[in-house]
Structures are given as C-alpha cells and as structure tokens.
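For reference, the structure is listed below as structure tokens.
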Amino acid sequence: MKLTTLAAALLVATCAHAQDIAVRAERLHTVSGPVISDGMVIVRQGKITAVGPAAQVNVPEGLRLLRVRVATPGLIDAHSVIGLAGYLNQPHDQDQLDKSAPIQPELRAIDAYNAREKLVEWVREFGITTIHTGHGPGALVSGQTMVAKTRGQTAEEAVVVPYAMLACTLGSESRGGKSPGTAGKQMAMLREALLSAREYQGKLKEADASKRPTRDLRKEAWVEVLEKRVPLMVTAHRHQDLVSALRLAKEFDLRVVLDGASEVYQVLDDVRAAKVFVIAHPPMARFAGDMENASRSTYSKLAEAGIPFAFQSGFEDYVPKTRIVLYEAAIAASYGLGQERALRAITLDAATLLGLADRLGSLDVGKDGDIALYDGDPFEYTSHCVGTVIDGRQVFEGVR
Amino acid sequence: MLLRFLACMGLGATLGAQTTTTAFVGARVIPIRGAPIEDGVLIVESGKIQAVGRRTDTPIPAGAMVRELRGKTLMPGLVDAHSHVGGGWGADSSSPIQPGVRMLDAVDCRDSGLQRAQAGGITTLNVMSGSGHLLSGQTIYLKNTDANTIEELAYSFPDGSPMGGMKMANGTNSHGEAPFPGTRGKSAALVRESFLAAQEYQRKLREAGDDASKKPARDLALEGLVEVLEGKRIVHHHTHRHDDIQTVLRLSREFGFRVVLHHVSEAWMMADEIVAAKVPCSLIVIDTPGGKLEAINLDYRSAAELEKRGGAELVAFHTDDWITDGRLFLRSAALAVRAGLSRETALAGLTINAAKQLDLEARVGSLEPGKDADFIVLSGDPLSVYTRIEETWVLGKKVFDLQDPKDRVWAEGGWGAGMDRVGNLCCLGGTEDR
C-alpha cells in the first residue's frame, strides 16, 4: 500500500511537475511568428517544449490545461524602478535614488530590491513577467539596474541579471544643487570618471599582483561598462543631450542605450547611425520639463527609421506611482504604431535589449514558460488579464 | 458631389458663430439621453442643436450645409468636472480657508492645457485650484472654445456673474503648519467655524432686507460661503479615504450645502452611504493605486459599486489634469467599464452626469434640441483604445481637427507643444498663423 502511494506520487511528479502547464488560446501570439488560431503552448519544468496549432500539439496526460481567448509571451517592462520605489511613496519605501553624490555606480539594485513590493504584484496581474528595474533617473549616475522576474520572495529568487545596466541621467533632472550645474559640467564629470576607471582597468591587468590596485567598488562598476559587458543607460530627453550621449559612447567605445529620448525624432539619423537601442518614454508620461516636446508619434517614427526600441513604465514620483507597460504600449499602438509592432516592443524587442532573447520575449521551444493570458485584445481598455504564468507556474489567477 | 463636400468642410472650419444651418449626417450618433442612433442626423443652427434623430425621420432643412460622417461616431462634447489646466493658483499660503479667492482671476485662457483638452474632446471644464487648503476658493466653469479673455470662456450664473463652485478638501493634503490644521478633527472644526460665521452673516443680510444701512459690511469670504449656503455654488470636495468621505457627508448635512465628492478613491468601500445620501461622485481613475497614502486603496471598481446600488446617476469622471491627461479622458470611463461599469453609465459619466454636477445639464451633456452644439466626432467606439477623436465642436464651431497639423501637435505632442497658444506662434516655423 505504502509502496503504491509512493509510486503514484513519483508518477505525478514526473507527469505533472509544479512547473508544467499547457495553455490553449483562441489567438496565440507567439510574436516570433504569425498569430496561431486555436494555438497550444506546452511548458515542462519551466521551459516551453511545444508550440503550435492545438490540433498538432499533444497535451501530455496529467498536465494542467488553461483555456483562454488570447495568450502572449509574458510582457517585459524595459525600464522601471518598482521594487526599489514602493507604492506608499514614503521615505522608507523609496530606494531608487540617493543624492549624496552625483556619481555612484557602486549602488547595486539587488541590495535594494523588495520582491514583495505591492507594485511588483500589481504589474504581474497585467501579464508583466519581467522587469528591468533599479536605480532611477535624477542623478548623473544613480547606480545599477537589474533584470528580475515578477515572482519570488527575495531578490535572489527574482533576479535574472544582477547588474544589467548603469543608470545615467543627463539634462535638467540631474542638474541643480552645486554641481553638476550645467550640461558641460555633466559631461566633464562623466568623462573624468571614465578616464579614471580606464586607468584602474589597466592596472588590474598588471602581471605582478602586488602592483594591482586595491579594490574600488565604484571603478569596478565602471570597468564592466568599459568592457562592454554592461551598457550605460542614458536617460535624456533634449536632442542635444541625446547627441552628447552618443559622443560619449564614441569617445570611450561604450554600449549606450538611450532612455526616455523625447526629442529623438529630431536626431533620428544620428541615433540610427550609432546603432543604439532606445527605451522610449511612456506615451502617457506628463510632457513637462525636458519632456515638453515629447510626442506620441515618436514610436512610429522610430519604427520607420529602423531604430530598435522597447517601452517602459518609467519613473513617477506621485500618482500613479508606476505606469503599466501594457497600457503604455496600447496607447502607442493606437497612435500609429499598430498592435503587432507594439506587442513586439514589450516582448521580443525588450528581450533583445536586455540580452535575453534566447530565454524571453516569444513563445518558442526552449524559452522560459512565461505567458500572459487575456480575455480579448490585450491592448483594449475593456479587456482583462486573466492569468499570468512565470516559468510554468501560474502566479496570477483572476480578472484584472 | 466631391466639390460640395469639400466646400462644406471649408465653411465648417472658417465660420464663426454659425448663422447657417448645418446637418451632420450618417454617423452613429450617441445622444446619451436615448439609445444610440445608427445612420443619425444632427442639425445645428446658430450654435445650438436644432434636431437629432434617424436619417429616415429627421428632415434636413432646405439650404442646410450637409456634412457626411458615414462610419464615424458622434457624441456630446465631454464635461470635465475637475481640471487644473490654465496654470492658475487660487488661494495662497496665508490661511487654510479662502472663499473670496476666484479662479476667474487666475486662469490663463491661452494655456496649452486648454488646447490639449480640446484635442481630448473636452468642451466644458470646471477649473479649480488645488487641494492644499480646506477651502481654496471659487472655481470657474469654462466653455472650451478659443478666446482672448477668460470672460469669453466663462459660463454665467442667471445673474450674469461668472459661474463656478467652491473647492474644498479634507485628508492630508490640506494639513500643514499653523494656521493650517494638523489633524482631521481640527480640519473639520475650522470648516464648521467658517460656516457658522457665514450663517451669522447670512442672517444679518436677511434681517437688513432692502435697508442698505442695516447691511453688514461686505466681506468677500463670507459672501462666497453664503453663496454655498444658498445652494448657488456647489462644493467640489476633494476627498479620498472612507472616513474623510463620511466627514464630508456629515458636514454637508449639518450646513445643508450641496456637494460633489471628488476623486473618492475609497468610494467602493462607502458606496452604500454615498448612494443613501444621494451625493454625486466625480471619480478619478488612476492606473495604479498608491503614490500617496490616501490613494493606496484606489480601485477601478468604485463606479461599478455605486451603479450596482442604484447610484448610476451619481457617477461621473474627471481628469484632474495633469494628474491624468485630458487628451485621454475617454480612457478613464473605459477603465471603469473594465471593472464592471455599464457602457451607458460610463458615457453618461463623461457627459450628462458631469454636467449635472456643475448645474449645466440644461445646456450641455447630451444631444437634444435647444442645447449647445458641443459635440465630438470619433473614428469609432468611444471606449476603444484604437479610437481617435477627430474633431471637437463648441457652439457649432470646430475648435479641433486632427487633420490640421497645428491641432495635431496638441493631440500628440511634438516640437513646440510645450508652448502655450501664443508662444507657439513663433515656434511652428514662424509663418504659421494660429
């Protein structure tokens, strides 16, 4: 008797692992290929093992099957601060910005990420499964960012990439106070920091260990950028600041990502020539300050120019404390970008930006089992997210 | 045929207050009061609606210009009962209760926010000062046409004076260093003292009757409060938390003032009490709860909860522009539908129900003969994300046209969009005229 129970338990364990699930959707957006009518995705042990028309995909026995109208890859928010910035908006839950010094690349996102933050749960309920989050705009170099799945109880459980980008801000948002007080000074300070990090980088390569420098957290973080393992994400909106970022990238041979980029439509040729990725501003962000010339037609212009881009929820210091990248992409879709392209920008293109296209961003065999479920066109105001699956586990069940 | 069509378009754009008759035909017409009309007709003359109905039984007057709108949707201009466009500030930091201060004296009628609101289909707005005071002054109801002075935009009371309500707030926004209150109890006490003083002033005015020598000296603050006590001015009351909502209902009962609850984040918790008191709500719909402690329980389903309890007519929405974007006002109602509200109430909440909250339901908020010819032309269903507002008409005059590159800047943003209507003259290429 006991043996039979054990055998049965083992059988269940092999047939229906906790990270096994099947999703059958009337419209299955794989994103990497055409929409499949009545499509099926199979996830085993957290990874996608089969995708195709339901008639051609066998559902292994014992697998939990979810039936929905629409399924898409789990959505990716290409730039957020949630987990560091909390929804209460009180000093104790705001860890996205320390203003004690203008340049602090040593601040790690993983030391500040609150996996149990309500905002993380909130965006998960709209189908967002991955966020690129971390130190926010507002300082010349505010710190590191990370990539996390919107699940887990600790930063370690959530993290996908611990040091994803280094967050830099140009323009009026990171000026003020005594220094940097001007655009020229901002660039001079960045160049000095990079020069000094380059010297440090050289000394690290000394054959004689005794000649190597003592560890310097700040410079170590810069070395990652100099060695192109980590991009410098430059938040800037004015056209001249965007061009300054490209100039810096050229001088130091950096990988730069332009973030926000409200006036990018004025410098499309330069941006395309520099082959950089743009994390475009949320179309519903308030068009004020450096963003006063922002436009909701920017996204279709980027698409026409062949400049790769993704969407972000961005940073908000009041209400709403975070935007929802699904909603933002929806507005861009309606202002000329179109549904298909907008969906790609919050899935596969965002995965490419983050260097994770081998794992995320489309429903393809071998990728993570991250799936968003909807009861209609995901972008429609009146549709609902009806489920979220991360690594084959349903982490949201309900109607949002 | 084509020539005639083009001629009509041109005339429609250039005429001022319409003296001729125009017939808008073929659109799906949503009159708000009454069911939607497929292949409908709207007849406009001298800035007023002359007729609304089905094409088959609505005769088009001889000589009327005909504008074909097949495939489009036509509905009343939207009414935003809570906006901060115009860059105006009412009360200052000298005291928490300033009923004598008027937004009339503070709003910039050339502010780009008004243009963006036109692009969002908003034809009537209640512009108010902020919530940093228990009472921050007299609000102003505006007709959102293009104008050179605020007087041209302002609605009027029957006595001819500029029309508006009174802005009040409770909760933490209006807390501060003395003389501002530090607690909720103190807030309510300060408000009650002010209304008691106003009641006393009102009594003296009544006793004096027509005898000018017996009248008390004029006091702008008390005069403003007396207008509230007399029901001339509706109180527009910022309130979020359930207990603060209850406090507003309590004070409104005590002094008998008419009130509209604004924002009302926790209305879904207080739906029974609000419906029982028959107090209208002007709701804000924010993408995400939080951002401030009073909004941590904000929920899209407030409107649906009020409707479920028989309070459909109490439901309206507002932009609180720049908290939400006037260009996307339709979206607020659509998100409430996402949370269970009926489509009918959602559309009424953008139009007639909001008009009632401003005492303007006789003039705007629905397409009915005799009402102002304020309407919008949409590319499709007003509650779909893919729908664009193509035209906005106020008093029979087109004030926004998506096809016009200059207007498109207000709708989408772009180079020069941050400038106000005057500043933009220089920044659209120099020769452009607006």
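Proteins come first, then strands; the chains are lettered A, B, ... in the order of their sequence lines, and each starts at number 1.
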What part of B/I286 lies closer than 4.5 angstrom to a heavy atom of chain A: side chain, backbone, both or neither? side chain
Going by side-chain contact (heavy atoms from CB on, under 4.5 Å), name the residues that satisfy it together with B/A316, two or more places apart in sequence or in a different chain. B/N353, B/A354, B/Q357
Report every donor-acceptor pair between chain B and chain A with a separation under 3.5 Å, backbone and side chains included.
from   : atom 1 : to     : atom 2 : distance (Å)
B/D287 : O      : A/W122 : NE1    : 3.4
B/T288 : OG1    : A/W122 : NE1    : 3.1
B/T288 : OG1    : A/T322 : O      : 2.8
B/G291 : N      : A/Y87  : O      : 2.7
B/G291 : O      : A/N89  : ND2    : 2.7
B/Y300 : OH     : A/Y327 : OH     : 2.9
B/W322 : O      : A/R286 : NE     : 2.5
B/I323 : O      : A/R286 : NH2    : 2.9
B/D325 : OD2    : A/R296 : NH2    : 2.5
B/R338 : O      : A/H384 : NE2    : 2.5
B/R338 : NE     : A/S383 : O      : 3.1
B/R338 : NH1    : A/Y381 : O      : 2.9
B/R338 : NH1    : A/S383 : O      : 3.2
B/R338 : NH2    : A/S383 : O      : 3.2
B/S384 : OG     : A/E380 : OE1    : 3.4
B/S384 : OG     : A/E380 : OE2    : 2.7
B/V385 : N      : A/E380 : OE1    : 3.0
B/V385 : O      : A/S334 : OG     : 3.2
B/Y386 : OH     : A/D377 : OD1    : 3.4
B/Y386 : OH     : A/D377 : OD2    : 2.7
B/E412 : O      : A/R296 : N      : 2.7
B/G414 : N      : A/A294 : O      : 2.9
B/W415 : N      : A/Y265 : OH     : 3.0
B/G416 : N      : A/N293 : OD1    : 3.0
B/G418 : N      : A/E292 : O      : 3.4

side-chain contact (heavy atoms from CB on, under 4.5 Å) filter on B/A117, not counting sequence neighbours, yields B/I122, B/L125, B/N144
With only heavy atoms counted, which part of A/A288 is less than 4.5 Å from chain B, the side chain, the backbone, both or neither? both
Interface moiety of A/A330 toward chain B, non-hydrogen atoms closer than 4.5 Å: both
Across all chains, not counting sequence neighbours, the side-chain contact (heavy atoms from CB on, under 4.5 Å) partners of B/A336 are B/A303, B/F317, B/L341
Region of B/L328 in contact with chain A, defined by heavy-atom distances below 4.5 Å: side chain
